[in-house]
Amino acid sequence: MDPTTDNAGQTGDPGTPRASLEALRAEIAKAVVGQDPAVTGLVVALLCRGHVLLEGVPGVAKTLLVRALASALELDTKRVQFTPDLMPSDVTGSLVYDARTAEFSFQPGPVFTNLLLADEINRTPPKTQSSLLEAMEERQVTVDGTPRPLPEPFLVAATQNPVEYEGTYPLPEAQLDRFLLKLTIPLPSRQDEIDVLTRHAQGFNPRDLRAAGVRPVAGPADLEAARAAVAKTTVSPEITAYVVDLCRATRESPSLTLGVSPRGATALLATSRAWAWLTGRDYVIPDDVKALALPTLRHRVQLRPEAEMEGVTADSVINAILAHVPVPR
């Protein structure tokens, strides 16, 4: 099930937090064509205080998508281009000696922002990739033994090229597990690609989103109000058990060497609640869990080499589990 097949905006009255977040879709669509599932995933991540990994071949507007989201939100944004020579301190910041005061002072790195765009995160070695672990999980950075809290809200939107591409480093499993969602950005359909070229022919400049008409339509207050509403969304014991059964089934799958951890089960419950609220309900149904199962779980499992050689994918394993685990009535 694709979360974007329902029009969540139908249930949002003007001026409500839901309507404000749904307005993000319209604003981002001014810059990005045909990526509604990814936009929905980013909104869900904002509601859950989670981070997003965007994967796709170069040139499918991964970076533009995040920049458009930042322009549609009244949030501070910074971008880091991950390269093989990037050092951890280039991300987190470092102590700098001040000759005038004869003391060391902390110079914050780009991670001290609301929305961090980590561009091509898998082009840097694991040592630098792991510099984001504490920031993503604890929402703080420790330098020279001193913890420094990050701004609220804080979201990492990382882009990566498929791991088969030359010059890429696989993300450590511990870091992958810190991403709430992994969204795949496909090549556009023929009509969407025609629309992209038509916009460019009419003068669209992806580097100038203001000229494209993208304006802030939501801010931190809207996010807080929306998160409070999501927290009130009811989850029945049957739904909780369904989430647990799905995740436990991944640990027993013969195609996987690593199944979903309890952290992954918690993530699936959180994203399901956020999607239920976005669609206008104050309770979670099994379809909400199914809708978010792939983006929430696909990066938390590991395939056996023999299964991978046979063409099995993480998505196909999860889809098979969704088809076989009994759905609560």
Can Y283 and I239 be said to form a side-chain contact (heavy atoms from CB on, under 4.5 Å), step by step?
-> CA-CA 10 Å; Y283 57 92; I239 293 294; over 6 Å; no
Do the charged groups of [X] and [Y] touch, with an N to O distance under 4.0 Å?
{"X": "E193", "Y": "R190", "value": "no"}
{"X": "R49", "Y": "E224", "value": "yes"}
{"X": "R263", "Y": "E137", "value": "yes"}
{"X": "R210", "Y": "D208", "value": "no"}

Using every non-hydrogen atom in the two residues, find where [X] and [Y] come nearest and quote the distance to one decimal.
{"X": "T128", "Y": "L86", "answer": "OG1-O, 2.6 Å"}
{"X": "A267", "Y": "R300", "answer": "CB-NH2, 3.5 Å"}
{"X": "T83", "Y": "P125", "answer": "O-CD, 4.3 Å"}
{"X": "N114", "Y": "D76", "answer": "OD1-N, 3.0 Å"}
{"X": "L183", "Y": "L42", "answer": "CD1-N, 4.2 Å"}
{"X": "A249", "Y": "V325", "answer": "CB-CG2, 4.0 Å"}

Please report the interatomic distance [atom1]([X]) to [atom2]([Y]), rounded to the nearest 0.5 Å.
{"X": "Q81", "Y": "D119", "atom1": "CD", "atom2": "CG", "value": "4.5 Å"}
{"X": "R67", "Y": "I28", "atom1": "CZ", "atom2": "CD1", "value": "12.5 Å"}
{"X": "C48", "Y": "L180", "atom1": "SG", "atom2": "CG", "value": "5.5 Å"}
{"X": "T234", "Y": "R273", "atom1": "OG1", "atom2": "CZ", "value": "8.0 Å"}
{"X": "L73", "Y": "L24", "atom1": "CG", "atom2": "CG", "value": "5.0 Å"}
{"X": "Q129", "Y": "F82", "atom1": "CD", "atom2": "CZ", "value": "8.0 Å"}

Does [X] use its side chain to pair, donor to acceptor, with the backbone of [Y] at less than 3.5 Å?
{"X": "T266", "Y": "P262", "answer": "yes"}
{"X": "S316", "Y": "T313", "answer": "yes"}
{"X": "T159", "Y": "E120", "answer": "yes"}
{"X": "R251", "Y": "V260", "answer": "yes"}
{"X": "T296", "Y": "A293", "answer": "no"}
{"X": "E134", "Y": "T142", "answer": "yes"}
{"X": "K62", "Y": "V57", "answer": "yes"}
{"X": "R304", "Y": "P254", "answer": "yes"}
{"X": "S189", "Y": "D192", "answer": "yes"}
{"X": "T124", "Y": "I121", "answer": "no"}

Can you confirm whether [X] sits close enough to [Y] that some side-chain heavy atom of one is under 4.5 Å from a side-chain heavy atom of the other?
{"X": "R178", "Y": "V156", "result": "no"}
{"X": "V43", "Y": "L278", "result": "yes"}
{"X": "V196", "Y": "P188", "result": "no"}
{"X": "W277", "Y": "P17", "result": "yes"}
{"X": "L132", "Y": "L116", "result": "yes"}
{"X": "P186", "Y": "Q35", "result": "yes"}
{"X": "L187", "Y": "V60", "result": "yes"}
{"X": "P206", "Y": "H200", "result": "yes"}

Is there a path from [X] to [Y] through hydrophobic residues (I, L, V, M, F, W, Y) whose side chains come within less than 4.5 Å of each other?
{"X": "I185", "Y": "V44", "answer": "yes"}
{"X": "V243", "Y": "V235", "answer": "yes"}
{"X": "F112", "Y": "L95", "answer": "yes"}
{"X": "V66", "Y": "L64", "answer": "yes"}
{"X": "L297", "Y": "V327", "answer": "yes"}

Apply side-chain contact (heavy atoms from CB on, under 4.5 Å) to L269 and V289, showing your working.
-> CA-CA 7 Å; L269 186 63; V289 179; over 6 Å; no
Do [X] and [Y] have a side chain donor and acceptor closer than 3.5 Å?
{"X": "D144", "Y": "T146", "result": "no"}
{"X": "R281", "Y": "T279", "result": "yes"}
{"X": "R25", "Y": "T40", "result": "yes"}

Inspect the surroundings of CZ in R248 and state if more than 12 heavy atoms from other residues, nucleotides or ligands are less than 6.0 Å away.
-> no
Do K30 and R215 pass the side-chain contact (heavy atoms from CB on, under 4.5 Å) test, and can you show the C-alpha distance, the side-chain angles, and the key distance before you say yes or no?
-> CA-CA 10 Å; K30 295 178 181 178; R215 297 288 184 270; 5.5 Å; no
When you look at L171 and L53, which way does the side-chain contact (heavy atoms from CB on, under 4.5 Å) test go after all the steps?
-> CA-CA 11 Å; L171 293 178; L53 182 62; 3.9 Å; yes
Just checking, R148 and F106: is the charged tip under 6.0 Å from the six-membered ring centre and within 45° of the axis?
-> yes
